[in-house]
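Report on the following structure.
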Amino acid sequence: MALWAFKKDHFAPQTFMRKLTVFDAEGIKSKINESDVKYLEIKDFDGKIRKFINSFEILNKEIGLLEILYSGKMSYYCGFQTVNLYGNVNSTEYLVEKNKPLIDTNLFSGSNKKLKERLSNYPDLIELLDKVSNKKDLIKILELYNSK
């Protein structure tokens, strides 16, 4: 997924990448390094609460904040990286399940072989996985997996 920078009426990861600007109770502005943030909640322009966690907490490596898309038996995160001087951003998705290898990929590039292998004991979920077209579809599958 590619995101474009500098849209003032649309939330973008550039809001927090590298440094965050925050205001304290008295309105005093300060900057915080992204790597110093353990957890962050932002209400975007659509009123949706978006949650982020430090990548080290999940991946044991520092790549910035990860958006928490789903938490369960298999959790779903999205990390963001600046790709050029214009501020455009790419994302990488991560599926994390305790005591199992990490699945990191752009799941909507047709490269979901690892996830199919992980779900091989659940043919009903494999069938649904073949029809996934967006993150909401994948979250529905993860919710079903979580209930098994």
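Count residues from 1 along the sequence.
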Q. What do the steps show when you test Lys19 against Asn33 for side chain to side chain contact (heavy atoms under 4.5 Å, CB included), and what is the final call?
A. CA-CA 4 Å; Lys19 288 199 181 274; Asn33 290 325; 2.7 Å; yes

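- Residue Leu95 holds its CG atom at 6.0 Å from CG of Leu138, rounded to the nearest 0.5 Å.
- Lys148 meets the salt bridge (Lys or Arg N to Asp or Glu O under 4.0 Å) test with Asp124; sequence neighbours excluded.
- Heavy atoms only, all atoms of each residue included: Asp104 and Thr92 are closest at CB-CG2, 4.4 Å.
- The ring-ring contact (aromatic ring centres under 6.0 Å, His included) check on Tyr122 picks up Tyr145, with sequence neighbours excluded.
- The structure places OG of Ser91 at 7.0 Å from CD of Gln81, a figure rounded to the nearest 0.5 Å.
- Listed by chain and number, the residues in a salt bridge (Lys or Arg N to Asp or Glu O under 4.0 Å) with Glu97 are Lys100, Arg118 (sequence neighbours excluded).
- The salt bridge (Lys or Arg N to Asp or Glu O under 4.0 Å) check on Lys116 picks up Asp130, with sequence neighbours excluded.
- In this view, Ser55 and Leu59, Glu62, Ile63, Leu66 satisfy the side-chain contact (heavy atoms from CB on, under 4.5 Å) rule, not counting sequence neighbours.
- Checked against side-chain contact (heavy atoms from CB on, under 4.5 Å), Ile139 has the following partners two or more places apart in sequence or in another chain: Leu69, Tyr70, Tyr76, Glu143.
- Nearest heavy-atom pair across Gly27 and Phe23 is O-CD2, 3.6 Å.
- Remark: Asn121 engages no residue in a side-chain contact (heavy atoms from CB on, under 4.5 Å) (not counting sequence neighbours).
- Hydrophobic clustering of Ile, Leu, Val, Met, Phe, Trp and Tyr side chains at less than 4.5 Å, counting indirect connections, unites Tyr77 with Leu102.
- When the options Ile68, Ile42, Leu40, Leu65 are evaluated for a side-chain contact (heavy atoms from CB on, under 4.5 Å) with Lys51, the one that passes is Ile68.
- Going from atom CD of Glu93 over to atom NZ of Lys135 covers 5.0 Å, rounded to the nearest 0.5 Å.
- Closest approach of Asn146 to Lys73, counting heavy atoms only: OD1-N, 2.7 Å.
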Q.
For a side chain to side chain contact (heavy atoms under 4.5 Å, CB included) check, start with the C-alpha distance between Phe52 and Phe80, then their side-chain angles and the critical distance, and finish with the verdict.
A. CA-CA 11 Å; Phe52 299 85; Phe80 304 95; 4.1 Å; yes

Q.
side chain to side chain contact (heavy atoms under 4.5 Å, CB included), that's the test. Do Ile141 and Leu115 meet it? Break it down for me.
A. CA-CA 11 Å; Ile141 292 170; Leu115 182 55; 6.0 Å; no

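- Shortest non-hydrogen contact noted between Ser120 and Glu117 is OG-O, 3.0 Å.
- Here Glu127 pairs with Lys131 under the side-chain contact (heavy atoms from CB on, under 4.5 Å) rule; sequence neighbours left out.
- The distance from the CG atom of Asn54 to the OG atom of Ser35 is 7.5 Å, given to the nearest 0.5 Å.
- With sequence neighbours excluded, no residue forms a side-chain hydrogen bond (donor to acceptor under 3.5 Å, both in side chains) with Asp36.
- Residues passing the side-chain hydrogen bond (donor to acceptor under 3.5 Å, both in side chains) test with Lys29: none are found, sequence neighbours excluded.
- Listed by chain and residue number, Tyr39 satisfy the side-chain hydrogen bond (donor to acceptor under 3.5 Å, both in side chains) test with Glu41 (two or more places apart in sequence, or in another chain).
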Q: In sequence, state the C-alpha distance, the side-chain angles, and the governing distance for Tyr94 and Ile58, and then conclude on side chain to side chain contact (heavy atoms under 4.5 Å, CB included).
A: CA-CA 10 Å; Tyr94 301 92; Ile58 305 301; over 6 Å; no

